[in-house]
Amino acid sequence: MATVFHGLGAAMGLTASNSFDCKKLLLPSRRSFLERKASLLLVRSDGSGNLNVGSNSRARRAEQLITNAVATKADNSAPSTASKSGHELLLFEALREGLEEEMERDPTVCVMGEDVGHYGGSYKVTKGLATKYGDLRVLDTPIAENSFTGMGIGAAMTGLRPVVEGMNMGFLLLAFNQISNNCGMLHYTSGGQFKIPIVIRGPGGVGRQLGAEHSQRLESYFQSIPGIQMVACSTPYNAKGLMKAAIRSENPVILFEHVLLYNLKERIPDEEYICNLEEAEMVRPGEHVTILTYSRMRYHVMQAAKTLVNKGYDPEVIDIRSLKPFDLYTIGNSVKKTHRVLIVEECMRTGGIGASLTAAITENFHDYLDAAIVCLSSQDVPTPYAGTLEEWTVVQPAQIVTAVEQLCQ
Amino acid sequence: MASAFSATKFTLLNSTTPRSHDNQPLYDPLKSTTSFLGSTRKLCFTSFPKLNIHNSQRRSPVVAVSEAVKEKKLKSTSNLLITKEEGLVLYEDMVLGRAFEDMCAQMYYRGKMFGFVHLYNGQEAVSTGFIKLLKKEDYVVSTYRDHVHALSKGVPARAVMSELFGKTTGCCRGQGGSMHMFSKEHNVLGGFAFIGEGIPVATGAAFTSKYKREVLKEADSEDVTLAFFGDGTCNNGQFFECLNMAALWKLPIVFVVENNLWAIGMSHLRATSDPEIWKKGPAFGMPGVHVDGMDVLKVREVAKEAIGRARMGGGPTLVECETYRFRGHSLADPDELRDPAEKAHYAARDPITFLKKYIIENELASEAELKAIEKKIDEVVEDAVEFADESPLPPRSQLLENVFADPKGFGIGPDGRYRCEDPKFTQGTAHV
């Protein structure tokens, strides 16, 4: 396992150097890697310091227009976009920044996982933390997911706030026992006596020819567990915000990251902020169709959106972010406006987040729909190794364009 | 056919060779001069030829505690293992455990409690022997056979009985049931239905103790965690994974195996390649100890050592208590598989009778005093049943409480408000 990730690290262009200066990370090799796959757009390392996700600036300006469901203490609806203040960093650095700020703020926050300490995390999310906080606070565990997740739960029950890292979300299948039985249910079965403020995070999703087992989407398996919250980050901004919110939350939160998004670059505010765990993010307001998505598929959708705009459509794109529970307010408002829904997700067709979302929207907003909800998901296929086959299992921008065209007829 | 394995006993010193660590443990068992006495006698059942008894040549003379003490008594009068007060505390606790469990059986057959109820009759010595040595801040983690662990730790009998009846005054508000006894006040961390599930949680509690001392600098010594589990669990991965982690980080935990030789209908010997569980401790670098779990005094001696070691940072211990459950696995178990001779053998070694005999023979207390304790416990248990009977059932409004510590976790509803603000929520009629 270790060799795979070491190799993967090289393939993803993760720097082996100790420097975290953003500019130094603009390696030509990364550009070629990322542009090789046309579907993964917008992540350009062109050294000009531009916001790499063009639509994001529009998204954030749009966010200023959304009235928040509940006024949160750290209002995330108006991040500082206009000013050139803030600092640029990559998504994995944003995660680390959020984690480090919380560890600084609260001494009971600790990290547990495989290779999180001395190795710095297989995706460098915890790099440098063990040197700063010590081996007990950033704990390198043996390879025993079920037991160290259970250990995290026991620690959470007795006063700590652990952040458990699954090296790959798929490994957390081994911890399903603890996550379902203890993480989700203990607060209830103890009659509310013990709270479990644990954060379980890790990269998942279909990567770069990683093979079936390393390309799993665990959000569909975990979504039925009562008592947990699930969020998926997609930009450095919301990665840091969700990480902080998850750590501060009294509930057990599972934070889904995506293997291919770790090197996204964005300028984020210097000031402290958190993202609301239960809210969705309006990426691009529109009129004709509501496209609901999360994690990596957001970028496929935005690429398709470009094509759609050229063809004269005006899609509204919402990154649902909160996979459990769904933000039915933002989603509902959108459905009431556009009357057409397209869900684009990376989960399997059967029993995925899209399936649940379809049911929830149909239940709540049936009267507002002009057409049946279309859900584009990955094929019910173990992700093949071959690059061509892998491409065909996940949803591509072209399919999204076709689906919108059909929906809007 | 008798299937219990022979109870060969070994001293702590001879049987374990903890691996040397880079950082010296505070307590080095090899340098200790204490030894504990093994069980009263070797079981007369045939020992299996395949059993690998390495240390047969180092077997210490097996002598009954009471006999050894009697001999010593001829020389000096104050060489008993317990004082009068301690003896009475132990006696009361064991009688409470027994009376409570017997009442549970009655109540179950009268239709007052339902589901799976696993009774602890016969194993009281283990719970009392260990838990009575703990402080309030120490943690106890158990399995589904957890009523008596909760009682020993201090959870009131009323709260446990109410919980079993499913009433809102139960220790878990009726939401846990027989297999999920939790108490924040008394630091009882459950009550787990799946076997082995509580061991990582116990390891986590021990981790917190260590963290509090080393990172937060809040304490000088470490709060000890006791993890109780059975022989069947010792073939489960979580057991081994936690032994490894606990020994690796020297966590203040004691793994207490209540080896009652049967996992429902599966004999320990049919399920385990090497049935001597205590041996699995040294394989991970911690002391492994075998003790007669029907004798509360022996258990207590071993427990003192193990808990003391953990508290001072010496790391974990694996203690295998050979014990027996007088009833079936649960109240639904017809218990037809176990040999009546085996049951009779252990029934003759009832831990309560044992302790009573010890107390009276050593003139620690009179028969009348012990009878008074038994009467008091009867009243406590009766009162618990009355209290539980009269307690209200949980109202509908309780349904959606406690799912999340922060009820915002139910999310934002279509109207823009958090679902938990919806009045139907507090009534328990909202749909989530």
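Labels below follow one simple rule: chain letters A, B, ... track the order of the sequence lines, proteins then strands, and each chain is numbered from 1. Since the model is a prediction, treat every value here as computed from it, not as a measurement.
Side chains of B:Glu241 and A:Asn146: no donor on one and acceptor on the other come within 3.5 Å. Side-chain polar atoms of B:Gln238 and A:Gln178 form a donor-acceptor pair below 3.5 angstrom. In summary, the side chains of A:Tyr329 and B:Arg417 do not present any donor paired with an acceptor at a separation below 3.5 Å, with no hydrogens or angles considered.
Between A:Leu328 and B:Arg419 there is a side-chain heavy-atom pair separated by less than 4.5 Å. For the pair A:Phe326 and B:Ile412, the minimum side-chain heavy-atom distance is 4.5 Å or more. Between B:Pro200 and A:Ile153 the shortest side-chain heavy-atom distance does not fall below 4.5 Å.
Both the backbone and the side chain of B:Leu189 come within less than 4.5 Å of a heavy atom in chain A. At a 4.5 Å heavy-atom cutoff, A:Ser322 makes no contact with chain B through either its backbone or its side chain. When heavy atoms are compared at a cutoff of 4.5 Å, B:Phe240 does not approach chain A at all. Both the backbone and the side chain of A:Thr141 come within contact range of chain B, judged by heavy atoms closer than 4.5 Å. Only the backbone of B:Asp415 comes within less than 4.5 Å of a heavy atom in chain A; its side chain stays farther off. For B:Glu197, the parts sitting under 4.5 Å from any heavy atom of chain A are the backbone and the side chain alike. Proximity to chain A (any heavy atom under 4.5 Å) is shown, for B:Tyr211, by both the backbone and the side chain. The parts of A:Leu136 that come within reach of chain B are both its backbone and its side chain, each placing non-hydrogen atoms under 4.5 angstrom from that chain. For A:Ile228, the part lying near chain B is the backbone, with the side chain staying farther off; criterion is any non-hydrogen pair under 4.5 Å. Neither the backbone nor the side chain of A:Met185 has a heavy atom closer than 4.5 Å to any heavy atom of chain B. Contacts between A:Asn181 and chain B at a heavy-atom distance below 4.5 Å involve backbone atoms as well as side-chain atoms. For a residue to count as touching a neighbouring chain, one of its non-hydrogen atoms must lie under 4.5 Å from one of that chain's; by this rule B:Glu401 touches chain A with the backbone only.
The nearest pair of heavy atoms linking A:Pro325 to B:Gly409 is CG-O, 3.2 Å. Shortest non-hydrogen contact noted between B:Cys172 and A:Gln193 is SG-NE2, 4.0 Å. Summarising the geometry of B:Met245 relative to A:Pro142, their closest heavy-atom pair is CG-CG, 3.6 Å, with the distance given to 0.1 Å. Minimum heavy-atom separation, A:Met157 to B:Phe182: CE-CE2, 3.9 Å.
Note: B:Pro414 leads B:Pro414, B:Gly237, B:Gly177, B:Ser183 in heavy-atom pairs under 4.5 Å with chain A. Comparing A:Pro252, A:Ala155, A:Ser147, A:Ala144 by how many heavy-atom pairs each has under 4.5 Å with chain B, the most go to A:Ser147. The candidate from A:Thr149, A:Asn177, A:Asn364 with the greatest count of non-hydrogen atom pairs under 4.5 Å with chain B is A:Asn177. Put simply, of A:Lys336, A:Arg137, A:Lys324, the one with the most heavy-atom pairs under 4.5 Å next to chain B is A:Arg137.
With rounding to the nearest 0.5 angstrom, the CZ atom of B:Arg173 is 10.5 Å from the OG atom of A:Ser190. Here CG of B:Asn187 is found 6.5 Å from CZ of A:Phe194. Values are rounded to the nearest 0.5 Å. With values rounded to the nearest 0.5 angstrom, B:Asn244 atom CG is found 12.5 Å from A:Phe148 atom CZ.
For the pair B:Gln175 (side chain) and A:Thr189 (backbone), a donor-acceptor distance under 3.5 Å is absent. Of the possible polar contacts, none joining the A:Asn251 side chain to the B:Phe404 backbone as a donor-acceptor pair under 3.5 Å is found. A donor-acceptor contact shorter than 3.5 Å is absent between the side chain of A:Gln229 and the backbone of B:Phe410.
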| Please walk me through it: do A:Met151 and B:Trp249 pass side-chain contact (heavy atoms from CB on, under 4.5 Å)? | CA-CA 13 Å; A:Met151 195 172 95; B:Trp249 298 316; 3.5 Å; yes

| message | What verdict does the side-chain contact (heavy atoms from CB on, under 4.5 Å) test give for A:Leu186 and B:Phe192, after you've listed the backbone C-alpha separation in whole Å, the side-chain angles of each residue and the deciding distance to 0.1 Å? | response | CA-CA 10 Å; A:Leu186 262 182; B:Phe192 292 92; 4.1 Å; yes

| Candidate pair B:Phe207 and A:Leu160, rule side-chain contact (heavy atoms from CB on, under 4.5 Å), full reasoning | CA-CA 10 Å; B:Phe207 178 81; A:Leu160 300 186; 3.9 Å; yes

| request: Any chance you could lay out the side-chain contact (heavy atoms from CB on, under 4.5 Å) test for A:His187 and B:Val403, step after step, and finish with the verdict? | output: CA-CA 6 Å; A:His187 185 73; B:Val403 177; over 6 Å; no

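Other residues, nucleotides and ligands place no more than 12 heavy atoms under 6.0 Å from the CZ atom of B:Phe194. For A:Lys132, the NZ atom sits in a packed shell: over 12 heavy atoms of surrounding residues, nucleotides or ligands are nearer than 6.0 Å.
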